[in-house]
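Naming: A, B, ... by sequence-line order, numbering from 1 per chain.
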2 protein chains.
Amino acid sequence: MEPAYPQPLVMVDTALFTIRDERLCLILTRRKEPPFEGLLALPGGFVHAQEDADTEAAARRVIRGKIGFDAPYLEQLFTFSGAARDPRGWSVSVVYYALIPWSSLEQSPSAEAFPVDGLPPLPFDHRQIVAKAVERLRGKATYSSLPAFLLPAEFTMNDLHQIYEQTIGARLDKASFRHKILVQDIIEPIPKHFRVGAHRPAQLYRLSSKALTPFERKI
Amino acid sequence: MEPAYPQPLVMVDTALFTIRDERLCLILTRRKEPPFEGLLALPGGFVHAQEDADTEAAARRVIRGKIGFDAPYLEQLFTFSGAARDPRGWSVSVVYYALIPWSSLEQSPSAEAFPVDGLPPLPFDHRQIVAKAVERLRGKATYSSLPAFLLPAEFTMNDLHQIYEQTIGARLDKASFRHKILVQDIIEPIPKHFRVGAHRPAQLYRLSSKALTPFERKI
DNA sequence: AGATGTTATTTGCAAAAAACAAATAAGTCT
DNA sequence: AGACTTATTTGTTTTTTGCAAATAACATCT
């Protein structure tokens, strides 16, 4: 009934996205133990069947340990497995990705953000994991409000526009973008709230309750 | 270094989709061992770190054991975990879903297909797994050629149209559908091949090499 | 105060895509 | 041959996009 086989190692890893200086970045952590001690890597750890309700709870524990609070958006990405990915033996890693506004990270000093297009060498199969995470984020950005979770609670249409351009990695027409976003009802203007500056004030928006509904699309 | 905790059970489960009598169905298997002996369930099994290169290899092994050949389309769906999902204790199940043309299933007698909207009671958290698998399939159908993998190698435009309607669960205009599919280049007509019947013959198509590229879309 | 610079937001129009309705094509069956 | 049925194309209307330019709103400078 119980399998006679030795059990594989079960762990979680996390890809924590943020946008700093208008660039898509990942939070990395310096490993304090072997293997790969001293190297920068994705934050992760073993799943403790006693304390963790499930792997998502384990991921949340890891993230809280790293940045000190919960990520506004967290989603399971993919499960990586095999004998080659970890020198300690055959392992399974359930990977989660999260979106975190840089504004909330600035105070936690332990969190260092590295642009995804200029990452240092990563241990294990973390390079592959990052590739998959970026691909997923890009993919979802084209038909959902995901990128908005990289912004603080209040943001302007331009903030949103820029963050979509960053995550998708392409130029988007301003007028069309504005129209499509408003039609989707994923954000709502905050009455009488504007960001003031040296120029015309910009309307501030917040996510609406429909924010997580994927955009309507039919084949 | 190695965790002091008892290791969780690691298994794979599979959601095997097919279309029979114009209805979206799942292949279920009757459990031969406790727990839930005798009940119908998703095909699955333990991951054997020795024989399975990774969880995808384990899934393929399970599928081959069930239907006797490889599925034309296989993709990781999600990893379910927790103490409550299996009476034997805390477990992780990496779930894969596959698309299989009914035509290739008709000969293997062990494969029984049940319409997804009329499934029998399922053990473990298999009900949840099914829900997630259907959701994923529906989602991907709106922007990819996935449903085409439920068809045999040669099919008509009407076959394809019906299968999209089935998986998406909505009506699609025939003329628009035809145009969009052809523009995407995911299928190609087989020269001089037609399905003949009591009426006007229908052009036969096959998947093109671009079949797996998701449709182009911008926000 | 008024001119100027700069960013935000709206408007208008041409082009493309989609939805809808209907006609035409190509066989079998009687 | 004519009726019937399904496949495929065509045409028209409506909606969405892409692009360019105009207008709005403020701070700052003169």
Side-chain angles (χ1 to χ4, degrees), chain A residues 21-22 141-145 148 151-152 154-166 168-206 208 213-219, chain B residues 21-22 141-145 148 151-152 154-166 168-206 208 213-219:
Chain A
D21 304 332
E22 297 172 18
T142 65
Y143 65 95
S144 80
S145 53
L151 289 173
E154 306 193 347
F155 51 87
T156 68
M157 190 58 82
N158 265 348
D159 294 341
L160 193 65
H161 180 244
Q162 279 185 30
I163 235 140
Y164 267 84
E165 289 196 335
Q166 272 304 308
I168 292 180
R171 222 129 265 301
L172 302 172
D173 176 69
K174 276 201 178 192
S176 306
F177 176 82
R178 186 187 215 86
H179 179 251
K180 279 185 251 185
I181 290 289
L182 290 179
V183 144
Q184 296 294 154
D185 257 356
I186 61 174
I187 63 174
E188 54 191 19
I190 313 175
K192 304 195 186 297
H193 275 230
F194 296 87
R195 175 174 304 166
V196 298
H199 317 294
R200 173 173 176 173
Q203 173 71 58
L204 285 167
Y205 294 85
R206 64 180 158 225
S208 81
T213 317
F215 298 172
E216 267 311 316
R217 63 253 301 313
K218 287 189 205 158
I219 187 173
Chain B
D21 303 334
E22 297 173 19
T142 65
Y143 65 92
S144 80
S145 53
L151 289 173
E154 306 194 347
F155 51 87
T156 68
M157 190 58 82
N158 265 349
D159 293 342
L160 192 65
H161 181 245
Q162 279 186 31
I163 235 142
Y164 267 85
E165 288 195 336
Q166 271 304 308
I168 292 178
R171 224 128 263 300
L172 302 172
D173 176 69
K174 277 201 176 191
S176 306
F177 176 81
R178 185 187 215 85
H179 179 252
K180 278 187 250 184
I181 290 290
L182 289 179
V183 142
Q184 296 294 153
D185 257 355
I186 61 174
I187 64 174
E188 54 190 21
I190 313 176
K192 305 196 186 295
H193 275 229
F194 296 87
R195 174 175 302 164
V196 297
H199 317 294
R200 173 173 176 174
Q203 173 71 57
L204 284 167
Y205 294 85
R206 63 179 158 225
S208 81
T213 318
F215 300 171
E216 267 311 317
R217 57 248 313 307
K218 289 189 205 159
I219 188 178

Round to a whole Å and report the spacing from [atom1] of [X] to [atom2] of [N].
X        : N      : atom1 : atom2 : value
B/Gln184 : C/dA17 : CD    : C1'   : 12 Å
A/Phe177 : D/dA20 : CZ    : P     : 20 Å
B/Arg171 : C/dC20 : CZ    : P     : 13 Å
A/Lys174 : D/dA21 : NZ    : P     : 17 Å
B/Leu172 : C/dC20 : CG    : P     : 11 Å
B/Arg178 : C/dA25 : CZ    : C1'   : 12 Å
B/Ile181 : D/dT8  : CD1   : C1'   : 16 Å
A/Gln162 : C/dT7  : CD    : P     : 11 Å

Next on the checklist: Under a 3.5 Å distance rule, please check whether B/Gln203 uses its side chain to pair with a backbone N or O of B/Met157 as donor and acceptor.
Outcome noted: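 Here the side-chain-to-backbone pair does not exist.
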Next on the checklist: Quick check against the 3.5 Å criterion: does A/His161 have a side-chain atom that pairs as donor or acceptor with the backbone of A/Arg178?
Outcome noted: no
Next on the checklist: Quick check: closest heavy atoms across A/Ile168 and A/Ala141, and the distance to 0.1 Å?
Outcome noted: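 Between these two residues, the closest heavy atoms are CG1-CB, 3.7 Å.
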Checklist entry - Which atoms form the tightest heavy-atom contact between B/Glu22 and B/Gln166, and what is the distance? => result O-CD, 2.8 Å
For residues 186-199 of chain B, tabulate all N or O donor-acceptor pairs below 3.5 Å that involve a side-chain atom, not counting sequence neighbours.
| from | atom 1 | to | atom 2 | distance (Å) |
| --- | --- | --- | --- | --- |
| B/Glu188 | OE2 | B/Arg206 | NE | 3.1 |
| B/Arg195 | NH1 | B/Asp159 | OD1 | 3.4 |
| B/Arg195 | NH1 | B/Asp159 | OD2 | 3.1 |
| B/Arg195 | NH2 | B/Asp159 | OD2 | 3.0 |

Next on the checklist: Any base atoms under 4.0 Å from A/Ala198, or only sugar-phosphate, or nothing? Heavy atoms, all strands.
Outcome noted: base
Item to check | OH-CZ distance between A/Tyr164 and A/Phe177, expressed to the nearest 0.5 angstrom | outcome: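 Rounded to the nearest 0.5 Å, the OH-CZ separation comes to 6.0 Å.
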Next on the checklist: Evaluate A/Tyr205 against A/Ile181 for side-chain contact (heavy atoms from CB on, under 4.5 Å), listing each step before the verdict.
Outcome noted: CA-CA 11 Å; A/Tyr205 294 85; A/Ile181 290 289; over 6 Å; no
Checklist entry - Could you write nucleotides 10-18 of chain D as a row of B, S and -, 5' to 3', where a protein heavy atom under 4.0 Å of any base atom gives B, of only sugar-phosphate atoms gives S, and otherwise -? => result B------SB
Checklist entry - Considering only side-chain heavy atoms of B/Ala202, which listed nucleotide, D/dA25, D/dT8, C/dT9, is closest? => result D/dT8
Checklist entry - Can you tell me if the side-chain N/O atoms of A/Arg200 get under 4.0 Å from OP1 or OP2 in D/dA27? => result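 The answer is no; no side-chain N or O of A/Arg200 sits under 4.0 Å from OP1 or OP2.
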Item to check | Residue met sooner reading DNA chain C from 5', once A/Leu182 and A/His199 are mapped to nucleotides | outcome: A/His199
